[in-house]
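Quick notes on the structure that follows.
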Amino acid sequence: MVDLKSQYEKIKTEVDASIQEVLDTNTYINGPLVHQFQADLEKYLGVKHVIPCANGTDALQIAMMGLDLKPGDEVITADFTFAATVEVIALLQLTPVLVDVDMDTMNISIEGIKKAITSKTKAIVPVHLFGRAANMDAIMEIANEHNLYVIEDNAQAIGANYTNSKGEKTKVGAIGHVAATSFFPSKNLGCYGDGGAIFTNDDALAHTLRGIVNHGMYERYHHDVVGVNSRLDSIQAGVLKSKLPHLDAYNAARRLAAKKYNEALSVHPSLIVPQFDWNGDDHVFHQYVVRLTNGKRDALLTHLQSKQIPCAIYYPIPLHKQKAYADARYNESDFPITNQLCEEVFALPMHTELDDEQIKFITDAVLEFII
Ligand SMILES: Cc1ncc(COP(=O)(O)O)c(C=O)c1O
């Protein structure tokens, strides 16, 4: 689904030099490259504080630990996302409240959020799914009205701009009270191992989070709060520092590949391609996800696999149907869109190195099955 090797070959000199710097200086943990990457990312995102950590799941968990949330508080998030989003809510003994998504954007439904709010609701976790910004204007408005925290799950959309109703652009992840991202290798900004970060514009929250990532210490061997050990190591920070200057070009390459896929695939009424041009650059295509509405999705995937074309289903099972997160509070009628998407969606290869020949080979294979 991705071609990290070709991407690495183009930036090998910079990446290798960063890794060598860590080896030469023996600064494996918390070294200068971690701080340099942090500062570069703060500047890039236009956010006051970036707190690097070990992975995106930790980033979400630590973000929630830093807020004033108590066991039993309800946290609203989307039914259609990767499990990490809901996992950390449950792990912290908060109550996940899953809501349906919108068909066009596959992002959390604003009406769904409104219906799910109770006196126990304390936070909303919008996920910018597959690289597309959620409707942050509406989410922030609801949050302000009900005094809720907004924790952006930005694992899939780093670098995407969100265009608000006034036409102003802000980087996704710099809008809510706090945001979490992942630097998993296949992410739009990926390292060569695990990595993650938390972003916030709130100085006091940033201070709290910096202690939580480091065993709850604000002063060496003084543990003021219960924390975790979650660090971005210096080698990964070096890789990320080398890759960050390329992120806009990487996202542009993904958008161009998506545009070419769309042009080739928008020819059949059963094949619904992602729309993305209505709102500037709000979609950075972490995944290129299409719907096949004629009931033949699984047969199509078998056909693509027979031609050695990688393809995947994100996500095959809604979270409310997962054993770990099923709950008597949920009714199937609450999740018609997610249930339908899980039956219809499939993802085609999406990365920065896709060329015209590959896109033609892939789209020809899709069309020869469908038409
Ligand atoms: C939406 C979403 N949230 C959170 C995560 C967790 O990130 P990580 O794998 O770095 O823990 C992922 C990773 O795939 C993700 O896609």
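Below, all heavy atoms of this structure are taken into account, side chains as well, without hydrogens, waters or symmetry copies. Along the sequence shown, residues carry numbers from 1. One-based numbering, in listed order, for ligands and for the atoms of each.
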Checking Y315 against D79: is there a side-chain donor and acceptor pair closer than 3.5 Å? no
Identify all N/O pairs between ligand 1 and the protein with a separation under 3.5 Å and present them as a table of atom names and distances.
residue, atom, partner, partner atom, Å
ligand 1, 3 (N), D153, OD1, 3.2
ligand 1, 3 (N), D153, OD2, 2.8
ligand 1, 7 (O), S182, OG, 3.4
ligand 1, 10 (O), G56, N, 2.8
ligand 1, 10 (O), S182, OG, 2.7
ligand 1, 11 (O), G56, N, 3.3
ligand 1, 11 (O), T57, N, 2.8
ligand 1, 11 (O), T57, OG1, 2.5
ligand 1, 14 (O), K187, NZ, 2.7
ligand 1, 16 (O), Q156, NE2, 2.8

Look at the rings of H215 and H223 and say which category their plane angle falls in: under 30° parallel, 30 to 60° tilted, over 60° perpendicular. perpendicular
Establish, from distance only, whether the side-chain atoms of T77 and T85 form a donor-acceptor pair under 3.5 Å. no
Between H286 and N188: side-chain donor-acceptor atoms closer than 3.5 Å: yes
Would you say the side chains of Q358 and H351 form a donor-acceptor pair under 3.5 Å? no
Side chain to side chain contact (heavy atoms under 4.5 Å, CB included) with K321: which residues, sequence neighbours excluded? I317, P318, E332, N339
